[in-house]
Amino acid sequence: MKRRTFMTTAVGAAGSVLVSATSCSDSGGAGEANQVEVFSWWTGGGEEVALEALKDDFEKRNEDITFENAAVAGGSGTNAQSVLQSRLQANKPPDSFQGHAGAELLDYIQAGQLEPLDSFYEKNKLSEAFNEQLVDQITHEGHVYSVPLNIHRSNVLWFNPKILDQAGIDEPPTSIEEFIDQLGRVQSDTDKIALSLGAQWTANHLLESVLLGSLGGPGYNELWTAQGDWSTAEVTSALQAFGQILDHTNQEAENSDWQVAARNVVDGKAAFNIMGDWAHGYFLDPLKAKENEDFGWVASPGTDGVYLWLADSFTLPEGAPHRPAALKWLRQVASKRGQDIFNPKKGSIPARVDADRSLYQGYLAWALEEWANNDLAGSFWHGVVANNKWKSAIDTAVGVFLQDTDAEKLQGSLVDAAEQHAA
Ligand code: GAL
């Protein structure tokens, strides 16, 4: 593998703003109700379209409220999360911000940066409306702290069927070994990129699929617990495979975000890309690509039957300047109508259990089915199983690995990261 420079990730450590958690009342509170500043990282192709649709509907239903879109560019929130930390630490929160269900949200909760939403949940009868596992991931010490909008799948292998044909590959790979073999065949038999990659965070994203594909669901899940052992021979093999897979990626990857990497597949430039299903939203709109023609998908190699999940949720920060309007935004996020407007465009399935299934076709119908029947594993890069400090330590180790390709050193750093940050 050649040396390369990747866009680095700036994940801020959990902030330390100490503000008291008051129990949220659904009516009133400080602040004007005529505007709402919503903070996310949904700026690029696909994500922007979905956010705009949700916002347009919100504005239609709340004509007296101006929606201020405070999105900060950078896939997976690499830039947004550090901007957010600075704002929270300076006591200048937006009215609502995007946060991943799980360990990431817990960071904000423990730093006292979020208002509990118990009475909002009660008033809007939300406890039964959402998927149970999700509610667990946004609840701390009996209080619920955010409103989940969707469920995304991280472990998806997108492929270009025509390029696989050219390389004489009948079926996409079902194991890591097969994957490495097929990447080699694309590289030797075609002039295409074998595996398309983007900025450094997309290598972290790839790593979680490779760990899951090598270790299996129980082995992967165990890694993120206090008993997790990162020094095993199984992890060594997984990291060696990670290196071999990276040998087949494009060298110009470093300056582009996930959209460019995913687009290479539908544009016929790359055979494979491992990316979350926000890529599906992007493929359909604005790219207008056709399922099973311009692209196909399967669970990433070795992970069939396991849904490597993550979920976007929106919060009510302590000290939100326009709290009443923020609560109206959260009502929009929580609503069946809002979820059914947003998710088919975003490439995600709804967090609500009563969504209109007829709106989820093709890939999304498959995703709904898989979610209902698969085992679950939580994404580390997208905030479910690792807190921000742990994630940041892994990112640093992966950044070094992309330069020096030393799998043994990577493993050592991952062992250290777990020792320091596993809860
Ligand atoms: C994830 C987020 C998704 C999508 C993706 C790429 O972290 O949960 O909604 O935005 O990043 O930006």
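Numbers here simply count residues along the sequence, with the first being 1. As the structure is a prediction and not an experimental result, all values here were calculated from the model. All ligand and atom numbering here is 1-based and tracks the order in the structure.
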Item checked: With H421 via side-chain contact (heavy atoms from CB on, under 4.5 Å) - residues at least two apart -> N387, K389, W390, A393
Next item on the list: For K345, look at atom NZ and say whether over 12 heavy atoms of other residues, nucleotides or ligands are found less than 6.0 Å away.
Entry: no
Next item on the list: Test D277 against K346 for salt bridge (charged side-chain N to carboxylate O under 4.0 Å, His left out), laying out the working first.
Entry: CA-CA 8 Å; D277 48 12; K346 185 65 164 61; over 6 Å; no
Item checked: Close-range residues for ligand 1, whose non-hydrogen atoms fall below the 4.0 Å threshold -> W41, W42, E47, G75, S76, H100, H152, W258, W278, L310, D312, K346, H382
Item checked: H382/E104 under side chain to side chain donor-acceptor pair (under 3.5 Å): CA gap, chis, key distance, verdict -> CA-CA 8 Å; H382 305 280; E104 182 183 308; over 6 Å; no
Please tabulate, one pair per line, all N/O donor-acceptor pairs under 3.5 Å involving side-chain atoms of residues 304-315, not counting sequence neighbours.
| from | atom 1 | to | atom 2 | distance (Å) |
| --- | --- | --- | --- | --- |
| D312 | OD1 | Q98 | NE2 | 3.1 |
| D312 | OD2 | N150 | ND2 | 3.0 |
| S313 | OG | G99 | O | 2.8 |
| S313 | OG | S146 | OG | 2.8 |
| T315 | OG1 | F97 | N | 3.2 |
| T315 | OG1 | F97 | O | 3.0 |

Item checked: Set of salt bridge (charged side-chain N to carboxylate O under 4.0 Å, His left out) partners for R61, sequence neighbours left out -> D57
